[in-house]
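Letters go in sequence order (proteins before strands), and every chain restarts at 1.
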Number of protein chains: 4
Amino acid sequence: MILNLDLASEVPLYQQLRDRIVEAIAEGVLTEGSPLPPIRALAADFGINFHTVNKAYDLLRQQGLIRLNRKTGAVVTSTVADSPFREDWTARARTLLAEAVARGLPADEVLTTCDSLLASFRTSHSGDTP
Amino acid sequence: MILNLDLASEVPLYQQLRDRIVEAIAEGVLTEGSPLPPIRALAADFGINFHTVNKAYDLLRQQGLIRLNRKTGAVVTSTVADSPFREDWTARARTLLAEAVARGLPADEVLTTCDSLLASFRTSHSGDTP
Amino acid sequence: MILNLDLASEVPLYQQLRDRIVEAIAEGVLTEGSPLPPIRALAADFGINFHTVNKAYDLLRQQGLIRLNRKTGAVVTSTVADSPFREDWTARARTLLAEAVARGLPADEVLTTCDSLLASFRTSHSGDTP
Amino acid sequence: MILNLDLASEVPLYQQLRDRIVEAIAEGVLTEGSPLPPIRALAADFGINFHTVNKAYDLLRQQGLIRLNRKTGAVVTSTVADSPFREDWTARARTLLAEAVARGLPADEVLTTCDSLLASFRTSHSGDTP
DNA sequence: GTGGTCTAGACCACT
DNA sequence: GTGGTCTAGACCACG
């Protein structure tokens, strides 16, 4: 698993880390039961504070995407999207899509982009379980 | 134009305000040349400080969505999405879509949701001039 | 004389107008004694308020670049840069050049750009009086 | 780092502050990674409100010259001039140079002044690490 | 102890 | 009557 962090970005490191891991899960690179690297190891890899990694893992735990355990470390869990999540997500998607439309992107181009992005997830995912 | 702000939200007020206005533009409720309410008037409507509204308007100005003018007030401008915006937007969309997939939402359902949201923009927009 | 105004720009119209006229003088398109278009005619050309043009002309008058007269209209005057102007200009140049350097432009490239811009003025100017 | 602000100037304080910091970066007084004074400390130094300093810092952040962080405070970042900046800067340089020429400054004197100003940046910069 | 947000209220420039 | 600037002071989030 290769994660790209941008140290110069405006986005907080823990947020980037969470985002990259979420993307890895969506892509199927990480599946249910997959172990995540130990916090300290990952922190050492990036040369960042382990508290930062800890915070990212904690965010993922709160969202039910991983389980933290002293023995097993952090492992990916399977989740079902509950209703509150759907509502929240749809509201955020609404804002993001609105931004694209307001900035002049044609709706069909936006939808095509979404489709491509989703396809990139599906492809990598389906490849794992033939 | 009715804008919903959540005073108890984690999201800063000025951010919410910006988001609601972006959505209004996407919906076609606000079109090129549409005047936005004066800063102080809008602040009074919501019972918030005019500096907060000012910050939201300033964000919109930075993104080229509105123009601020002492004479004419704030008016919506037409914009064309430039290349940096497209890249940035796609990256953000990627993260958002990944979150949905990682949380267990089927890709086709996600795409349907996006389509519906985009359609809701199109509908309101085209509905203005039958 | 063709002046390009950007109605969508952040820069005030009267400022743009002043800038374009200053550039025309530097280029030699307008020389000492050249008449400027009547305020109302210029305003009509651009479809802007004549007060805006008036303000631009007034700025130019304050800086000694033109003379306003009921009979002759606005005519370009020859000026010699006085000491206060030199100081003020140098300070502004310092800030502008600093911005280029701070943003990573190499000093020699910046100087070359300045040279090219100045050459473009010289060329047009010298062509008028062979 | 000594910054000169003119409280009586037409130029907004936050703008002056931004300009002085940009100059300090160009001079090499501030280099990549250099910490800027905390907003409130700088405000106290000048006897101005911290919101004013905040606005100056925010401008610098928007232009990619500094990074703001709750942990590390404000630090100078290295930037590469992108194409839009180059165009914008050249347009502004054109106007500024035109003003000098229109006011009667000989082109070669103008160029010499630019050269001197740029040299003053280079000198201070290279002089730090002999 | 840092920057970020929000409130409150002043005066100014422009028109 | 508009947005723009500046001051003053509060509380919060982050680390």
Point to revise | Test side chain to side chain contact (heavy atoms under 4.5 Å, CB included) applied to C/Y14 and C/D58, step by step | key: CA-CA 10 Å; C/Y14 72 90; C/D58 194 52; over 6 Å; no
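- Taking atom CD on B/Q15 and atom P on E/dG4, their separation rounds to 14 Å, with Å as the unit.
- Atom CG of D/D58 is separated from atom P of E/dT5 by 9 Å (rounded to the nearest Å).
- Relative to the side chain of B/R70, the nucleotides E/dT5, E/dT7, F/dG4 differ in distance, and F/dG4 lies closest.
- In this structure, D/F50 places its CZ atom 9 Å from C1' of F/dA10, rounding to the nearest Å.
- Proximity of D/L42 to D/Y57: side-chain heavy atoms (C-beta onward) are separated by under 4.5 Å at one or more points.
- Between B/I39 atom CD1 and F/dT5 atom P there is a gap of 11 Å when expressed in whole angstrom units.
- D/L17 places its CG atom 13 Å from the C1' atom of F/dC6, with the value rounded to the nearest Å.
- Residue D/T72 places none of its side-chain N or O atoms closer than 4.0 Å to OP1 or OP2 of E/dT2.
- In this entry F/dC14 has E/dG1 as its Watson-Crick or G-U wobble partner, both defining distances falling under 3.5 Å.
- Here F/dG3 presents its P atom at 10 Å from CG of B/L42, a figure rounded to the nearest Å.
- Looking at B/L5 and B/L17, their side chains come closer than 4.5 Å, going by heavy atoms from C-beta outward.
- Salt bridge status for D/D82 with C/R103: present, with a side-chain N to carboxylate O gap under 4.0 Å.
- Remark on DNA chain F: of its neighbouring residues B/A41 and D/V11, the 5'-side contact belongs to B/A41, judged by nearest-heavy-atom nucleotide.
- Checking C/P12 against B/P12, the closest nucleotide of DNA chain E that is more toward the 5' end is the one next to B/P12.
- Distances shown here put a side-chain N or O of B/Y14 below 4.0 Å from the OP1 or OP2 atom of E/dT5.
- Atom CD in B/E10 sits roughly 16 Å away from atom C1' in E/dC6 (whole-Å rounding).
- Phosphate proximity of F/dG3 to B/K71: absent, as no side-chain N or O sits under 4.0 Å from OP1 or OP2.
- Residue contacts for D/N69: at a heavy-atom cut-off of 4.0 Å it reaches the sugar-phosphate backbone alone, with no base atom in range.
- Between the CG atom of B/L13 and the P atom of F/dC12 there is a distance of 15 Å, rounded to whole Å.
- The side chain of D/N54 contributes an N or O atom lying less than 4.0 Å from OP1 or OP2 of E/dG4.
- The listed nucleotides are F/dG4, F/dG15, F/dC11; the one nearest the side chain of B/R40 is F/dG4.
- Contact annotation: A/K55 side-chain N/O to F/dG15 OP1/OP2 distance is under 4.0 Å.
- Checked options D/T77, D/V76, D/I66; the residue passing with D/L60 is D/I66 (criterion: side-chain contact (heavy atoms from CB on, under 4.5 Å)).
- When the nucleotides F/dT7, F/dG3, E/dT7 are ranked by their closest atom to the side chain of B/N49, E/dT7 comes out on top.
- Across all strands shown, D/H51 has heavy atoms under 4.0 Å from base atoms, whether or not it also approaches the sugar-phosphate.
- The existence of a salt bridge linking A/R18 and B/E99 is confirmed by a sub-4.0 Å separation between a basic side-chain nitrogen and an acidic carboxylate oxygen.
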